[in-house]
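Single-structure report; data block below.
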Amino acid sequence: MSAPRSATADPIAIDAARLWDELEGLARISALPAPAVTRVLYTEEDLAGRAYVRRLAEEAGLAVRVDPVGNAFYRLEGADPSLPPIGTGSHIDAIPNAGKYDGTVGVLGGVAALRALKEAGRVPARPLEVVAFTSEEPTRFGLGCVGSRLMAGAIAPDAVRALEDDAGRSFEEVRQAAGFTGALEEVRLAPGHYAAFVELHVEQGPRLEAAGVPIGAVTAIAAPASYALELEGEGGHAGAVLMPRRKDAFAAACEIALAVERAAKQSGSPDTVGTCGVCRVHPGAINSIPSCVHLEIDLRDTELASRERAFAEIEAAIEAVRRERGVRVDVRTINADPPAVSAPRIVEAVEAAAAAHELASQRLVSRAYHDTLFMARVAPTGMIFVPSKDGVSHRPDEYTAPEEIAQGAAVLAETMWALAENPPSAREGDTRDG
Ligand code: GLV
Ligand code: MN
Ligand code: MN
């Protein structure tokens, strides 16, 4: 017997210990020993992690579909299966030396949310679907959110096929080798596929913990951009070539990295952040002047205009390095994405779901990017954050307590239930700018 779809149903209960054990089990599937987690796209660990999540979803009685890039969909049927579903989900790939909760909380928390509804005998008005997105992290091919970009039509399949990893293998080659063989063209969602999409994620920042608030209702996602630079100077003997004659590509890269830091600090916006997290030096010998450097810049802001101002500063610094050091610098934009604004109705639904569980909530902006940044192009979206201890993320000591994760999953279940009953209008929260 199904419970009625009414607001008076008992608040949904999540088994916190079970969800915690499932997260621990997934964390053990890692290329680096605990406490670090590393699961890079289409590696043995990524494939084992996918199989692990699939087994849990199947055990929960969810229907499984996998698309040609490997995005996995776990579906709980609704009273009217013909209606567009309410989506949720996140990612299970993990950057080198990551923690256990980035992305995984949204995938396993999503499965736990649907399982709890099913076990409570509650049939949603329309289907609910958890997505485990392929390659939210840019680790292997330098580009993040590959699965959701393809779903939203934000990148051409040809551009994805042509991506290369550091070993020179194409995306297409490693995708096929991992067993995903359909046409990438089929990944794009039909218009109106999701009635709404709401992602559960750890905050990865300190605000909820500092405020003592267990639930964050995300109002917007900051706009990320990234750039790949190739610097070419002149190599030579570290002892024999005197300083006036040098065209050291690494010294030039250092000047650019400092310019990135300066531009972000002086942008006039406290939300501008700039990072150079990848720097490869050739030939990489202590007694050889660096002739070539590959440098990557990650630049973000909640406002597009201040991010662009900061990048203009960086470009001016690059020009000065070219001129003054005689080093060639080629700049390629990897991605420069606009921010996403949550649908007000979804923000309100998250707040109402938190209140139904007697949990305080707070509105906040996501400074990290998420697959929801791209789902926002094709559906009204929102996000639910749970606290991160000391605001730490992308590190092995990332931590969110079991009860905080369970609270997030319960709020997710309640939010999806309410949105299934009463979805936002299709244009709400749509960030396409014309
Ligand atoms: C996601 O991992 C990000 O870098 O924001
Ligand atoms: Mn991440
Ligand atoms: Mn993430």
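Ligands are counted one by one from 1 in listed order, and the atoms in each one are counted from 1 as well. In this chain, numbering begins with 1 at the start of the sequence shown. In this text, all values refer to a predicted model and were calculated from it rather than measured experimentally.
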F374 vs F133, test: ring pair (Phe, Tyr, Trp, His ring centres under 6.0 Å). Steps then yes/no. CA-CA 11 Å; F374 295 95; F133 292 96; 9.8 Å; no
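Residues L419 and R126 approach most closely at O-NE, 4.4 Å, considering heavy atoms.
The shortest side-chain heavy-atom distance between Y369 and P138 falls under the 4.5 Å cut-off. Side-chain atoms of D102 and Q204, non-hydrogen and from C-beta on, do get closer than 4.5 Å to each other.
For the Mn ion (ligand 2), the tally of protein N/O/S atoms lying closer than 2.8 Å stands at 3.
The heavy atom nearest to atom 4 (O) of ligand 1, considering only R300, H91, Q204, H201, is found in R300.
Screening D337, V187, V69 for a side chain to side chain contact (heavy atoms under 4.5 Å, CB included) with R149, the sole residue that qualifies is D337.
Interface atoms of ligand 1 facing A368, defined by a heavy-atom separation under 4.0 Å, are 5 (O). Counting atoms of ligand 1 from 1 in the listed order, those under 4.0 Å from a heavy atom of H394 are 2 (O), 4 (O).
Ring orientation note: the planes of W20 and Y101 are close to parallel, at an angle under 30° on the 30°/60° scale.
Side chain of D390 to backbone of V392: no donor-acceptor contact under 3.5 angstrom is found. Judged by distance alone, with hydrogens and angles left aside, the side-chain atoms of D46 form no donor-acceptor pair with the main-chain N or O of L41 at under 3.5 Å.
For ligand 1, the polar-atom distance check finds an N/O of Y369 within less than 3.5 Å of one of the ligand's N/O atoms.
Using a 4.0 Å cut-off between charged side-chain N and carboxylate O, E232 and R328 make a salt bridge.
For atom 2 (O) of ligand 1, the nearest non-hydrogen atom of the protein is E137 OE1, 3.0 Å.
Residue-level proximity to ligand 1 for H370 is absent, since no heavy atom of it falls below 4.0 angstrom.
Residue H201 approaches the Mn ion (ligand 3) most closely through its N/O/S atom NE2.
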